[in-house]
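Every chain is numbered from 1 and lettered A, B, ... according to where its sequence line falls, protein lines coming before strand lines. Because the structure is a prediction, the values reported are computed rather than measured.
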Amino acid sequence: MSSQLLPSAPLSITPPPPSKARPPVLLHTLSQRTHIPPHVYKHPSAILLELCTSMKELHQILPLIVKNGLYDEHLFQTKLVSLFCKFGSMPEAARVFDPIDDKIDPLYHTMLKGYAHNSCLDDALSFFNRMKYDSVRPVVYNFTYLLKVCGDSADLVRGREIHGQLIVHGYASNVFAMTGVVNMYAKCRLIDEAYKMFDRMPERDLVCWNTIVAGYAQNGLAKRALELVSRMQEDGQRPDPVTIVSMLPASANLGSLRSGKQIHGYVVRAGFVLLVNVSTALVDMYCKCGLVGTARLIFDGMRSRTVVSWNSMIDGYAQSGDSKEAWILFKKMLDEGLKPTGVTIMAALHACADSGDLAGGEFVHQLVNQLGLVSDVSVMNSLISMYSKCKRVDIAAKLFEDLPFRTLVSWNAMILGYAQNGHITEALNHFCRMKLQNIKPDSFTMVSVIPALAELSVLRQAKWIHGLVIRTCFDKNVFVMTAIVDMYAKCGSVHIARRVFDLMPERHVTTWNAMIDGYGTHGHGKAAVELFREMRRGDVEPNEITFLCIISACSHSGFVEEGRRFFIIMKEDYGLEPSMDHYGAMVDLLGRAGKLNEAWDFIQSMPIEPGINVYGAMLGACKIHKNVDLGEEAADRLFQLDPEEGGYHVLLANIYATASMWDKVAKVRTMMEKKGLQKTPGCSLVDLRNEVHTFYSGSTWHPQSKKIYAFLETLIDKIKAAGYVPDTNSIHDVEDDVQEQLLSSHSEKLAIAFGLLNTSPGTAIHIRKNLRVCGDCHNATKYISLVTRREIIVRDMHRFHHFKDGSCSCGDYW
DNA sequence: CTAGGGTTAG
């Protein structure tokens with residue numbers, strides 16, 4: 001067996017000359033007395049050298065050794081070089097190495113090892129070439145050092161070269177050398193090439209099986225990695241702790257609890273549980289498979305833990321959404337005096353981002369500075385994400401701009417940060433900026449940019465990015481394509497969305513959700529329900545979000561009974577517990593349909609304390625159905641919850657205004673002022689050729705402003721002739737003509753006028769509005785679509801309105 | 001001097 005492990009070519013180490021120095025007398029006599037051959041005893045200088053643990057100690061010991069005389073000169077030289085290499089000082093190693101006249105081969109080997117470990121690959125290779133020049137025959141382990149460095153730096157070109165040289169030197173069948181080759185190719189992400197080399201090996205031992213298993217596991221081919229473990233067992237190799245530590249992340253990656261538990265069983269039977277790296281990998285696996293509690297039990301039962309154990313557990317909590325527990329454990333780790341690593345910091349920042357804990361995030365930021373982790377770009381990326389999630393995209397941007405070098409992840413974090421904070425133009429600018437710097441976007445970039453364009457709601461831009469997605473082959477990526485489906489729906493083209501949806505070979509639950517929601521917001525309740533039924537017949541399981549989408553689709557279309565049924569099915573058939581958003585959607589469903597008392601009773605029967613969104617839905621329903629009493633009651637409860645949004649107060653004020661209760665309107669306004677709440681200014685966007693034009697109520701800064709107002713005046717006369725009556729009952733404190741003027745300068749009317757002025761007859765006009773469409777604008781737009789024979793598509797904060805021939809797709813029900 | 005494999009991370 002062991003003969004197979006020997007190199008096929010003879011080793012070329014020249015035997016060192018017999019030692020001239022005799023061991024000191026004491027040791028010599030000791031060895032005679034105990035019949036141990038004298039060469040087993042080491043020279044005291046050698047022992048001293050071996051005790052060195054740092055460069056400082058080495059420099060202290062050196063004079064002593066020189067004073068007390070050298071033992072074997074070659075051994076001393078080699079030992080010294082080895083120590084300088086070990087402590088990372090290649091210049092000092094070279095100072096010892098260079099002047100030596102009769103260099104023995106091991107001296108060269110030691111030096112090469114030093115270069116391989118401490119310097120760049122170039123230094124190691126040029127030393128390797130010098131060896132050849134000095135006629136030193138390379139030995140197997142010279143190649144293994146170099147292959148390792150190639151693998152670590154993923155330098156495929158040099159890796160191949162060394163592979164070639166290794167063959168020339170006759171090591172093509174050497175297990176050690178070829179294991180190094182397999183590992184090198186695997187690290188260079190050429191797993192097929194790695195397997196080819198593995199397959200050609202005449203003999204395979206445990207280490208080389210472990211190498212190929214780890215190779216597959218690290219290249220994301222988890223299933224194949226686990227299959228190979230079965231094969232290695234058929235080949236007579238028993239998985240050892242190293243195998244296990246590759247298998248566990250593989251089964252975690254698969255999310256396969258069954259195989260994870262199987263491995264756990266094996267670990268227990270084989271007696272590996274006490275090994276800290278094995279139990280750490282178990283903790284990680286259970287976290288990734290969703291059993292964070294089980295992971296915690298293992299973590300708590302560990303006799304010793306490394307920083308990796310802590311990191312795995314903290315990140316396990318962070319990834320599973322338990323940011324509270326993640327934070328508690330992070331603090332505990334600090335309390336125990338453990339030094340966090342970059343990974344710890346990233347997990348902690350993830351937790352802060354999730355819970356919106358800015359103060360916690362700032363604390364971690366300080367820690368990053370103290371620990372000197374500012375040069376760790378991954379940590380900085382996490383800081384950017386944390387600040388963005390905590391709505392401080394300004395700080396995130398500052399960090400991003402100050403980065404000495406940026407990775408793709410940095411760009412993605414920044415683009416997503418901008419997109420999620422509503423800075424759509426900035427998100428798109430950065431996308432263009434990264435492309436100008438020749439940084440290739442990945443699917444994460446696309447999934448950040450596409451929703452930004454969806455927010456912009458400009459069909460032309462949507463088609464542009466869709467084209468880009470196809471050209472860059474991201475149309476094979478289910479997440480990117482889901483974003484595209486969602487984007488088309490949000491750009492008003494639910495039919496294109498459906499076409500893209502139909503063409504997708506693979507659909508994720510989010511793909512179905514996007515399409516169902518698309519139908520819902522466009523008021524195509526029937527299509528939404530049909531698609532949901534189709535989904536249930538297929539093998540993609542609906543999730544909580546699916547039910548949110550379908551219930552809200554029912555709400556937009558007035559399908560009260562269907563909506564109710566879905567709410568029940570959700571729990572009974574799928575075991576999904578309704579969240580606050582689901583309760584909100586149900587109140588909206590009932591309330592919108594005019595079943596205000598039922599909606600109120602529904603709120604009373606909720607098993608959890610109703611949130612802002614629930615009372616908000618109630619208030620909205622009261623506005624539609626002009627119910628002051630219930631509206632007041634809902635608002636009362638709502639305001640106790642201290643909403644940061646000024647919109648709810650405006651809603652209540654509008655309820656009062658509709659009922660001409662002007663004193664109450666004034667009261668609400670005062671309350672708003674006291675609380676420092678502001679009404680979000682209404683704004684409408686319209687895209688024209690290459691520009692997005694923004695209009696605010698009464699704004700006059702647009703270059704075409706004069707033309708727009710003049711056109712609007714004649715337009716309003718025309719629709720009045722067709723039957724339009726301005727709805728002035730929400731304004732009371734100004735003269736009639738001023739009321740009308742205020743109404744006619746609403747942002748959507750300005751945007752529509754601008755759109756009509758600048759586009760050709762027969763084309764549709766797309767308007768994007770940040771708030772809900774007001775009643776008067778809704779009515780006016782219907783008439784405008786009639787008299788101008790133009791289709792006008794308005795996307796408000798909740799849904800789409802397709803105005804055509806005097807009516808709206810929402811059936812005046814929004 | 002005296003070889004090759006392994007854990008956490010957007």
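- When each of dG10(B), dT2(B), dA9(B) is scored by its nearest atom to the side-chain atoms of Tyr141(A), the top-ranked nucleotide is dT2(B).
- Within 3.5 Å, a donor on the side chain of Asp205(A) pairs with an acceptor on the base of dG4(B), or the reverse.
- Note: CD1 (Ile439(A)) to P (dG10(B)) measures 20 Å, nearest angstrom.
- Using a 4.0 Å heavy-atom cutoff across all strands shown, Asn412(A) reaches at least one base atom of the nucleic acid.
- Taking every side-chain heavy atom of His350(A) into account, dG10(B) is the closest of dA9(B), dT7(B), dG10(B).
- The side chain of Lys148(A) contributes no N or O atom lying less than 4.0 Å from OP1 or OP2 of dG4(B).
- Residue Lys113(A) has a polar side-chain atom (N or O) positioned under 4.0 Å from OP1 or OP2 of dT2(B).
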Show, in sequence, the C-alpha distance, side-chain angles and deciding distance for Trp411(A) and Phe431(A), and conclude whether the ring-ring contact (aromatic ring centres under 6.0 Å, His included) test is met.
CA-CA 8 Å; Trp411(A) 287 95; Phe431(A) 181 61; 9.9 Å; no

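- Contact annotation for Asp442(A): base contact, defined as any heavy-atom pair under 4.0 Å involving a base atom.
- When side chains are defined from C-beta on, Phe330(A) does not count as touching Met313(A), because their heavy atoms never get closer than 4.5 Å.
- Rounded to whole Å, atom P of dC1(B) lies 15 Å from atom CG of Leu112(A).
- Regarding Tyr108(A), its OH atom lies at a distance of 18 Å from the P atom of dC1(B), rounded to whole Å.
- Under 3.5 Å, the side chains of Ser309(A) and Ser312(A) contain no donor-acceptor pair of N or O atoms.
- Across all strands, Asp240(A) comes closer than 4.0 Å to base atoms (heavy-atom distances).
- Computed from coordinates, the Met285(A) CE to dT8(B) P distance equals 13 Å when rounded to whole Å.
- Per the geometry, CD1 belonging to Ile345(A) stands 16 Å off P belonging to dA9(B), to the nearest Å.
- Rounded to whole angstrom, the span from the CE atom of Met302(A) across to the C1' atom of dT7(B) amounts to 10 Å.
- OP1 or OP2 of dA9(B) lies within a sub-4.0 Å distance of a side-chain N or O belonging to Lys288(A).
- dA3(B) has Phe176(A) stacked on its base ring, the centres lying under 5.5 angstrom apart and the planes within 30 degrees of parallel.
- As a whole-Å value, the separation of Gln77(A) CD from dC1(B) P is 13 Å.
- At whole-Å resolution of the value, NZ in Lys86(A) and P in dT2(B) are 11 Å apart.
- Inspection of the Ser388(A) and Ser385(A) side chains reveals no N or O donor paired with an N or O acceptor under 3.5 Å.
- Side-chain atoms of Thr78(A) lie closest to dC1(B) of the nucleotides dA3(B), dC1(B), dG10(B).
- Annotation: Trp310(A) is in aromatic contact with Phe299(A) [ring centroid separation under 6.0 Å].
- Residue Ala413(A) is out of contact with every strand shown, counting any heavy-atom pair closer than 4.0 Å.
- In this structure, the nucleotide among dA9(B), dT7(B), dC1(B) sitting nearest to the side chain of Pro106(A) is dC1(B).
- Under the stacking definition used here (centres under 5.5 Å, planes under 30°), the residue Tyr145(A) fails to qualify as stacked on the base of dA3(B).
- Checking dT7(B), dG4(B), dT8(B) against every side-chain atom of Ser312(A), the shortest atom distance belongs to dT8(B).
- Using a 4.0 Å heavy-atom distance criterion, Thr144(A) is classed as a sugar-phosphate-only contact.
- When the side-chain nitrogen and oxygen atoms of Gln319(A) are compared with OP1 and OP2 of dA9(B), none of them lie within a distance under 4.0 Å.
- Between Phe198(A) and Tyr216(A), the gap from one ring centroid to the other reaches at least 6.0 Å.
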